[in-house]
Amino acid sequence: MNQLKMKTAKTMLVLSLIAFLFPACSQNQTDSKNTQVSSAVQAPDIDIHTAVLYGNLKAVQQHIEAGSDLNSKEPMGGSTPLISAITFNHAEIASALIEAGADLEIQNNDGSSPLHVAAFFCRIELVQMLVDAKVDQSKKNNFGATALETISGPFAEIKPVYEMMQAQLGPLGLKLDLTEIEKNRPVVAEILK
């Protein structure tokens with residue numbers, strides 16, 4: 001009887017070790033396969049949001065090739081890489097993200113889509129790029145405004161918002177030329193009509 005208990009205990013120990021080691025072995029094989037497959041298209045060490053913020057097109061292209069989530073939202077304002085590229089006027093990065101299939105309709109925490117952001121900052125090239133990509137121009141933000149409506153009021157009323165954004169995001173690299181924005185508002189409005 002003691003021998004039977006001893007054999008059972010040994011068998012249970014062996015089975016436990018196999019059960020414990022098998023997932024680890026299969027995980028290593030999976031990791032090994034993933035490493036082999038993705039080694040040619042491995043995402044860079046810099047995350048996609050930081051790459052966009054600093055205008056690192058090469059890193060963004062590596063993320064695209066590696067299959068990184070192009071629609072991931074940063075936690076603070078819910079901006080996607082495309083929305084951030086538009087905000088910080090990184091047109092080449094925005095173009096690469098659009099061509100790679102980034103979601104053109106996704107909205108940040110205040111309901112602004114990439115088109116809302118491009119229109120608000122009067123980024124003519126980016127507004128045209130989004131319109132050419134067939135973005136939904138009727139989409140409304142959390143304030144009930146379309147992209148066109150965000151720039152339809154008098155510039156003097158919205159100027160303090162631009163100044164506040166420049167003060168808050170300037171240290172991160174946002175550069176706003178208020179004279180240029182005021183001049184470009186009617187051009188953007190014409191594109192969106």
Side-chain angles (χ1 to χ4, degrees), residues 47-57 60 63-64 68-193:
D47 72 273
I48 192 165
H49 289 282
T50 305
V52 169
L53 183 66
Y54 291 111
N56 189 336
L57 177 61
V60 171
H63 275 288
I64 291 168
S68 296
D69 183 2
L70 303 182
N71 301 311
S72 66
K73 292 185 171 188
E74 53 82 18
M76 196 67 141
S79 290
T80 63
L82 178 57
I83 290 173
S84 294
I86 293 167
T87 300
F88 290 90
N89 203 22
H90 298 305
E92 285 183 284
I93 292 174
S95 177
L97 291 166
I98 291 168
E99 288 177 27
D103 188 341
L104 305 181
E105 307 300 333
I106 199 165
Q107 295 169 289
N108 64 14
N109 293 351
D110 71 7
S112 292
S113 68
L115 185 61
H116 282 94
V117 175
F120 178 78
F121 287 112
C122 297
R123 313 269 195 226
I124 295 171
E125 176 186 3
L126 295 167
V127 169
Q128 189 64 60
M129 195 182 301
L130 291 164
V131 168
D132 291 345
K134 308 293 186 221
V135 69
D136 179 4
Q137 294 184 46
S138 66
K139 186 175 284 274
K140 295 186 179 216
N141 62 18
N142 294 352
F143 307 102
T146 64
L148 176 59
E149 292 167 338
T150 64
I151 58 161
S152 295
F155 179 74
E157 289 179 15
I158 198 73
K159 184 178 178 184
V161 175
Y162 288 116
E163 292 169 338
M164 177 193 68
M165 293 191 89
Q166 177 62 57
Q168 290 178 347
L169 298 176
L172 296 175
L174 182 68
K175 294 178 183 116
L176 297 178
D177 180 341
L178 298 183
T179 304
E180 190 74 14
I181 289 173
E182 184 175 18
K183 183 180 99 180
N184 290 342
R185 285 168 60 95
V187 177
V188 171
E190 193 59 39
I191 295 169
L192 295 175
K193 285 184 181 177

Under 3.5 Å, is there a donor-acceptor pair between the side chain of Asn71 and the main chain of Asp103?
-> yes
Residue pairs fulfilling ring-ring contact (aromatic ring centres under 6.0 Å, His included) with at least one residue in residues 151-193, sequence neighbours excluded = Phe120-Tyr162, Phe155-Tyr162
Does the side chain of Glu180 come within less than 4.5 Å of Cys122's, by heavy atoms?
-> no
Nearest heavy-atom contact between Ala133 and Ile98 is CB-CG2, 4.2 Å
Examine distances only and state if a side-chain atom of Ser152 and a backbone atom of Leu148 form a donor-acceptor pair shorter than 3.5 Å.
-> yes
Can you name the side chain to side chain contact (heavy atoms under 4.5 Å, CB included) partners of Asn89, sequence neighbours left out?
-> Arg123, Leu126
Between the main-chain N or O of Ser113 and the side-chain N or O of His116, is there a donor-acceptor pair closer than 3.5 Å?
-> yes
Side chains of Leu53 and Glu74: does their closest heavy-atom pair fall under 4.5 Å?
-> no
Sub-3.5 Å donor-acceptor pair from the side chain of Gln137 to the main-chain atoms of Val131, do we have one?
-> no
Nearest heavy-atom pair of Ser112 and Val117: which atoms, and what distance?
-> CB-CG2, 4.0 Å
Donor-acceptor pair, side chain of Gln107 and main chain of Gly78, under 3.5 angstrom = no
Side chain Ser95, main chain Ala91, donor-acceptor under 3.5 Å = no
Value for CG (Leu169) from CG (Leu176), rounded to nearest 0.5 Å, stands at 8.5 Å
With the side chain counted from C-beta on, respond yes when Ile124 and Val188 share a heavy-atom pair under 4.5 Å apart, and no when they do not.
-> yes
Is it the case that Ser84 and His49 place a side-chain donor and acceptor less than 3.5 Å from each other?
-> no
With a 4.5 Å limit on heavy-atom distance, are the side chains of Ile86 and Leu130 in contact?
-> yes
In Å and rounded to the nearest 0.5 Å, what is the CG to CG distance from Leu115 to Asp136?
-> 9.0 Å
Count the heavy atoms belonging to other residues, nucleotides or ligands that lie under 6.0 Å from CD of Glu92, then report whether that count exceeds 12.
-> no
Donor-acceptor contact present, side-chain Gln166 to main-chain Leu174, <3.5 Å | yes
Rounded to the nearest 0.5 angstrom, the NE2-CG distance for His63 and Leu97 is 10.5 Å
Provide the closest heavy-atom pair for Glu149 versus Gly144 in the form atom of the first, atom of the second, distance.
-> OE1-O, 3.6 Å
Measure across Pro75 and Asn109 and return the closest heavy-atom pair with its distance rounded to 0.1 Å.
-> O-ND2, 4.3 Å
Glu163 side chain reached by Leu178 side chain, heavy atoms, under 4.5 Å | yes
Which heavy atom in Pro81 sits nearest to a heavy atom in Val52, and how many Å separate them?
-> O-CG1, 3.5 Å
Would a 4.5 Å heavy-atom cut-off, applied to side chains only, mark Lys73 and Ser79 as touching?
-> no
Side-chain contact test, heavy atoms from C-beta onward, threshold under 4.5 Å: evaluate it for Val187 versus Val127 and give yes or no.
-> no
Do other residues, nucleotides or ligands put more than 12 heavy atoms under 6.0 Å from the CE atom of Met76?
-> no
Going through the distances and angles, do Phe88 and Leu172 end up as a side chain to side chain contact (heavy atoms under 4.5 Å, CB included)?
-> CA-CA 9 Å; Phe88 290 90; Leu172 296 175; 4.1 Å; yes
If you take all heavy atoms of Asp110 and Asn141, which pair is closest and at what distance?
-> O-CB, 3.7 Å
Where the side chain of Asp47 meets the backbone of Thr50, is there a donor-acceptor pair that is under 3.5 Å apart?
-> yes
Measure the CD1-OH distance between Ile93 and Tyr54 for me, rounded to the nearest 0.5 Å.
-> 13.0 Å
